[in-house]
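Just so it is clear, the values below take in all heavy atoms, side chains as well, and ignore hydrogens, waters and symmetry mates.
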Amino acid sequence: MRRSFYAYLMTLRNVESVEPEAEFANNAFHDTSFPKQEEDYQKLSEYLELNAGYLPSMTIFDEVYQKYQEIDKK
């Protein structure tokens, strides 16, 4: 069974890091409306574009999502 994007994103959390991926994960953790069971790129992208003021660039999401796809194929 494939894990959700959120479950993968939580593996990147690090409250001491200033890396964009870690900050994205830390902020998503505090986002109570984040679609935690979602796997679909389009649905996640739409949610983030409309609701995630904490994400300075969608490029960060794109890069993390690409890694999510690569890791989850294994």
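When the salt bridge (Lys or Arg N to Asp or Glu O under 4.0 Å) test is applied to Glu21, the partners found at least two apart in sequence or on another chain are Lys67. Scored by the side chain to side chain donor-acceptor pair (under 3.5 Å) test, Glu63 finds no partners at all (sequence neighbours excluded). For Thr59, the side chain to side chain donor-acceptor pair (under 3.5 Å) criterion is met by Ser57, not counting sequence neighbours. For Asn26, there are no side chain to side chain donor-acceptor pair (under 3.5 Å) partners two or more places apart in sequence or in a different chain. Every residue two or more places apart in sequence or in another chain that forms a side-chain contact (heavy atoms from CB on, under 4.5 Å) with Tyr54 is listed here: Phe24, Asn27, Ala28, Asp31, Phe34, Leu48, Ala52. When the side chain to side chain donor-acceptor pair (under 3.5 Å) test is applied to Glu19, no partner is found at least two apart in sequence or on another chain. Taking Asn51 as the reference, Tyr47 meet the side-chain contact (heavy atoms from CB on, under 4.5 Å) condition, with sequence neighbours excluded.
Atom-to-atom distance recorded for Glu23:CD and Leu55:CG is 10.5 Å, nearest 0.5 angstrom. One finds the OG atom of Ser4 at 8.5 Å from the CG atom of Leu44 (value rounded to the nearest 0.5 Å).
A 4.5 Å side-chain heavy-atom check between Ser45 and Met58 finds at least one atom pair inside the cut-off.
Annotation: salt bridge (Lys or Arg N to Asp or Glu O under 4.0 Å) contacts involving residues 33-57, sequence neighbours excluded, are absent.
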Could you go through the side chain to side chain contact (heavy atoms under 4.5 Å, CB included) check for Arg2 and Gln69 one step at a time?
CA-CA 10 Å; Arg2 185 175 185 182; Gln69 285 190 311; 3.8 Å; yes
Report the C-alpha separation of Phe61 and Phe5 in whole Å, then their side-chain angles, then the decisive distance to 0.1 Å, and conclude whether the ring pair (Phe, Tyr, Trp, His ring centres under 6.0 Å) test is met.
CA-CA 10 Å; Phe61 165 67; Phe5 175 74; 5.5 Å; yes
Check residues 9-16 and write down every donor-acceptor pair under 3.5 Å in which the side-chain atom is one partner and the other belongs to a residue at least two apart or another chain.
| unit_1 | atom_1 | unit_2 | atom_2 | d |
| --- | --- | --- | --- | --- |
| Thr11 | OG1 | Tyr8 | O | 2.5 |
| Asn14 | OD1 | Glu16 | N | 3.0 |

